[in-house]
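Reviewing the structure listed below.
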Amino acid sequence: MNSIDIDVIRTALDWQHKGHRVVLGTVVRTWGSAPRPPGSLMIIRDDGQVAGSVSGGCIEDDLIRRVAAGELAMRMPETTTYGQTAEEVRRFGLPCGGSVQVVLEPLSPQSHLRELLVLIEQHQRVERRLDMATGVVKMQAATEGDKVQFDGESLTTVHGPRLRLLIIGGGQLSRYLAAMAVMLDYQVTVCEPRAEYHEGWQALAGVTLSTQMPDDLVLAMNLDHNSAVVAVTHDPKLDDLALMEALRTPAFYVGALGSRHNNAQRRKRLLDFDVSQAEADQLRGPVGLNLGALTPPEIAMSIVAEMTAMRHGVDLSQTLSNWESSKTWCGLA
């Protein structure tokens, strides 16, 4: 569950507290090219106010009209599908013949939204199961994320910690990287133990500045498969401390700034810190995709692009690193 959907839940609870009837819409299936993936959320208030999105704007107006008119989900959950015919595709502007199926759930105390929000804010992964016949919700701990299952009788969704990014170093590049990562819904922590960088650091919403030593912070964060680490200080005393611990975690991405030569030397050093060869080989360095980036914002973009590709399982084995050329922003090796 990303922060946009968490905001949807908070808004739903606020509207309920104010006495409004609220219907929660969840995308459960898509066919063809659909604007929003399964699991996307939207809430519709009895007076037509909305938050979130299930189609990027294609079907929202029709859903709002039908919910406000009492045609959908007045007492029990219901299912509706858009794009089943060519006429519907044209009418609602769904791209490339796409179709989308949405479960609409009238919210009530038995929806247990407040309990769900508390568990999410405690960084727990939760499975939420909605009984379509009764509207009753049951929750339990989940072992995997991003799951949406719908069989017509029950809807199961998994909600949990969003993505995390740990940046080692508080310099100029880190600010751009942190800002872009926040836009992609990462919880960002910048590790900068060097006091001389603290006064110049510009606070960013959604970004935490830590003064812990990198290895201690990596251990304290208990990184999981939703986590990424990028070292950008150019100081081996700091970068290597973080990398030697991060490479032993399930983090889906661990990268370091620097030239090909410097990163080859870094991998050799890491072996002296009991990092296995297999773990050292997982280091993304030189970091970033080959986008021809030269400036700090462009370099940050190349890094988040590579992170995104790896998170989605894209094969990068044939992709040349952005730092293969010796003419890199970070200087000659």
Side-chain angles (χ1 to χ4, degrees), residues 123 125 143-146 160-171 173-174 177-178 181 184 186-193 210 212-290 299-300 302-324 328 330 333:
H123 302 288
R125 190 172 290 119
T143 57
E144 57 181 314
D146 300 327
R162 34 176 211 176
L163 300 166
R164 291 187 293 168
L165 170 62
L166 172 60
I167 304 172
I168 310 302
L173 173 59
S174 298
L177 180 56
L184 292 174
Y186 284 82
Q187 290 179 326
V188 180
T189 301
V190 173
C191 176
E192 184 50 87
S210 172
Q212 282 186 267
M213 290 300 293
D215 51 341
D216 293 335
L217 183 55
V218 170
L219 293 172
M221 289 182 66
N222 192 26
L223 302 176
D224 58 15
H225 68 278
N226 288 317
S227 305
V229 179
V230 180
V232 297
T233 71
H234 284 298
D235 184 348
K237 295 191 296 296
L238 296 177
D239 287 347
D240 290 3
L241 282 175
L243 297 172
M244 71 181 187
E245 298 295 347
L247 288 166
R248 299 189 182 109
T249 73
F252 75 88
Y253 183 92
V254 180
L257 192 67
S259 68
R260 291 172 63 87
H261 173 75
N262 282 345
N263 273 287
Q265 294 301 309
R266 175 180 284 116
R267 291 185 180 90
K268 292 180 181 178
R269 291 196 305 271
L270 289 171
L271 298 178
D272 295 331
F273 291 99
D274 295 327
V275 174
S276 70
Q277 185 64 60
E279 290 168 340
D281 290 342
Q282 294 301 308
L283 176 66
R284 302 298 300 187
V287 73
L289 293 183
N290 182 19
I299 294 166
S302 77
I303 294 171
V304 296
E306 185 176 51
M307 289 166 51
T308 302
M310 291 194 65
R311 184 166 62 87
H312 290 299
V314 175
D315 182 7
L316 296 175
S317 61
Q318 303 301 315
T319 303
L320 293 175
S321 167
N322 188 42
W323 311 120
E324 187 168 9
T328 63
C330 55

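Counting begins at 1 with the first residue of the sequence. Source: prediction; values computed, not measured.
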How many angstroms lie between atom [atom1] of [X] and atom [atom2] of [Y], to the nearest 0.5 angstrom?
X: Leu257; Y: Ile167; atom1: CG; atom2: CD1; result: 12.0 Å
X: Glu279; Y: Asp281; atom1: CD; atom2: CG; result: 10.0 Å
X: Met310; Y: Thr308; atom1: CE; atom2: OG1; result: 11.5 Å
X: Leu219; Y: Met213; atom1: CG; atom2: CE; result: 12.5 Å
X: Arg284; Y: Phe252; atom1: CZ; atom2: CZ; result: 11.5 Å
X: Glu192; Y: Gln212; atom1: CD; atom2: CD; result: 13.0 Å

- For Gly285, does its backbone N or O pair with a side-chain atom of Arg267 as donor and acceptor, under 3.5 Å?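 Such a contact is found between Arg267 side chain and Gly285 backbone.
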
- Message: Test your reading of the model: is there a side-chain donor-acceptor pair from Asp215 to the backbone of Leu241, 3.5 Å cut-off?
- Response: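 It does not hold such a pair.
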
Side chain proximity check, [X] to [Y], heavy atoms < 4.5 angstrom:
X: Val230; Y: Met307; answer: yes
X: Val287; Y: Glu306; answer: yes
X: Leu163; Y: Tyr253; answer: no

Can you give me the closest heavy-atom contact between [X] and [Y], atom names plus distance?
X: Ala246; Y: Val229; answer: CB-CG2, 3.9 Å
X: Arg269; Y: Pro236; answer: NH2-CB, 3.7 Å
X: Ile168; Y: Leu238; answer: CG2-O, 4.2 Å
X: Pro214; Y: Ala242; answer: CB-CB, 3.6 Å
X: Leu247; Y: Ala280; answer: CD1-CA, 4.3 Å
X: Arg164; Y: Asn222; answer: NH2-O, 3.1 Å

- Steps toward side-chain contact (heavy atoms from CB on, under 4.5 Å) verdict (Asp224, Arg125): CA-CA 12 Å; Asp224 58 15; Arg125 190 172 290 119; 4.3 Å; yes

- Derivation and outcome, side-chain contact (heavy atoms from CB on, under 4.5 Å), residues Cys191 and Leu166: CA-CA 7 Å; Cys191 176; Leu166 172 60; 4.0 Å; yes

